[in-house]
A.B. asks: 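The structure is given below, and queries will be raised subsequently.
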Amino acid sequence: DAKTTQPTSMDCAEGRAANLPCNHSTISGNEYVYWYRQIHSQGPQYIIHGLKNNETNEMASLIITEDRKSSTLILPHATLRDTAVYYCIESTGTASKLTFGTGTRLQVTL
Amino acid sequence: EAQVTQNPRYLITVTGKKLTVTCSQNMNHEYMSWYRQDPGLGLRQIYYSMNVEVTDKGDVPEGYKVSRKEKRNFPLILESPSPNQTSLYFCASSLKATMNTEAFFGQGTRLTVV
C-alpha cells in the first residue's frame, strides 16, 4: 500500500467543522481511502472509507477529488472528544493490511 | 457488544521470559492481525491470519509467533522477549480479508521488557 501525506497537526474550535486533508497522489485504481482515528493510546477506530465517490456516515463525510489524488475528512461539528490522531490510509482491502503513517493530530479547543 | 479483547492491558516482564498476549473477537471475523506501535513509527503489522490455521508474516515478524487454532482467538507469543519489543500492541479483526470492510481494534497491550 502506498504512502499518504497528512499535516502533522491541526486545531479546531469546538462546534466548528474540522477539515482534515490527505494527499495520496500515487493511489492506484483499486485502492480505497480509509480514515481511522486514535484517541490517546486507545485502539484505532474506523471512521469512514471510500473509493471515488463522496461518502457520509454518522461520524463524518469523506470528500475525494475527481482525480483521486487527495481527499478531505470532514467532522461537521467537532467536539472536545474528537481530539485524536487521524490516519488517512490507502488499502486495496485484500489481506486487510493497513499501513498507518503518523497521521494528523487534531486538537479541538473551547 | 461487538469487540476485540486483549489481555493483559499492561505487562512488565524480564528479558527472556516467554509471554503470551491473548486476543479474542466475538464477531466471527475471518481476518485477524497484530500491530505494534512505537513513537514516530506509527503502527506496523507483525503477523496476520486470513482464517483458522492460516497465518503469515507482516512487516516486523522477528521475535514473534502466532497461532490461529480457533476463529475467535489469535494469541501473540514472545518466546524470548527483548527490550526492543517494548511497545504498545494492538490486535485487530476484519470480517474477511478480501472485502473492503472496517477493522476493529482491541484496546491495546502496553508491554515493557526490562
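Per chain, numbering begins at 1; letters A, B, ... match sequence-line order.
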A.B. asks: With a 4.5 angstrom heavy-atom cut-off, which part of B:Leu88 approaches chain A: side chain, backbone, both or neither?
C.D. replies: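 The side chain, not the backbone.
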A.B. asks: Is B:Asp59 in contact with chain A via its backbone, its side chain, both, or neither, using a 4.5 Å heavy-atom distance?
C.D. replies: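 Side chain only.
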A.B. asks: Taking atom CD1 of B:Ile12 as the centre, does the number of heavy atoms from other residues, nucleotides or ligands within less than 6.0 Å exceed 12?
C.D. replies: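 Open.
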A.B. asks: Identify the heavy atoms of A:Pro44 and B:Leu43 that sit nearest to each other, and give their distance.
C.D. replies: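 Nearest heavy atoms, A:Pro44 then B:Leu43: CG-CD2, 4.0 Å.
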A.B. asks: Among the clusters formed by ILVMFWY side chains lying less than 4.5 Å apart, do A:Tyr86 and A:Ile64 turn up in the same one?
C.D. replies: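 Shared cluster, yes.
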A.B. asks: Tell me whether the count of non-hydrogen atoms from other residues, nucleotides or ligands lying under 6.0 Å of CZ in B:Arg44 goes above 12.
C.D. replies: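 Correct, the count exceeds 12.
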A.B. asks: Consider only side-chain heavy atoms of I, L, V, M, F, W and Y, link residues closer than 4.5 Å, and tell whether A:Leu20 and A:Ile74 are in one cluster.
C.D. replies: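 Cluster IDs for A:Leu20 and A:Ile74 differ.
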A.B. asks: If hydrophobic clusters are built from ILVMFWY residues whose side chains come within less than 4.5 Å, do B:Val4 and B:Leu76 share one?
C.D. replies: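 Different hydrophobic clusters.
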A.B. asks: Find out whether B:Tyr35 and A:Leu98 are in side-chain contact, i.e. whether some heavy atom of one side chain is under 4.5 Å from a heavy atom of the other.
C.D. replies: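 Sidechains of A:Leu98 and B:Tyr35: in contact.
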A.B. asks: Do B:Gln45 and A:Phe100 touch side chain to side chain, with heavy atoms closer than 4.5 Å?
C.D. replies: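 B:Gln45 vs A:Phe100: side chains apart.
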A.B. asks: Under 4.5 Å from any heavy atom of chain A, what part of B:Arg110 do you find: side chain, backbone, both or neither?
C.D. replies: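 It is the side chain, since no backbone atom gets that close.
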A.B. asks: When clusters are formed by joining ILVMFWY residues with side-chain heavy atoms under 4.5 Å apart, either directly or through shared neighbours, do A:Leu110 and A:Leu75 land in the same one?
C.D. replies: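 Same cluster.
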A.B. asks: Hey, does A:His49 have a side-chain heavy atom less than 4.5 Å from the side chain of B:Glu102?
C.D. replies: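 A side-chain contact under 4.5 Å is absent here.
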A.B. asks: Apply side-chain contact (heavy atoms from CB on, under 4.5 Å) to residues A:Gln42 and B:Phe90 and explain how you reach the verdict.
C.D. replies: CA-CA 9 Å; A:Gln42 298 176 19; B:Phe90 292 103; 5.9 Å; no
A.B. asks: Side-chain contact, heavy-atom cut-off 4.5 Å: B:Gln37 with A:Ser41?
C.D. replies: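 No - every pair of side-chain heavy atoms lies 4.5 Å or more apart.
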A.B. asks: For A:Arg16, does the CZ atom sit with more than 12 other heavy atoms under 6.0 Å from it, leaving out its own atoms?
C.D. replies: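 Counting other residues, nucleotides and ligands, CZ of A:Arg16 stays at 12 neighbours or fewer.
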A.B. asks: Counting C-beta onward and ignoring hydrogens, is there a side-chain heavy-atom pair between A:Tyr36 and B:Phe105 closer than 4.5 Å?
C.D. replies: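 Yes, side chains in contact.
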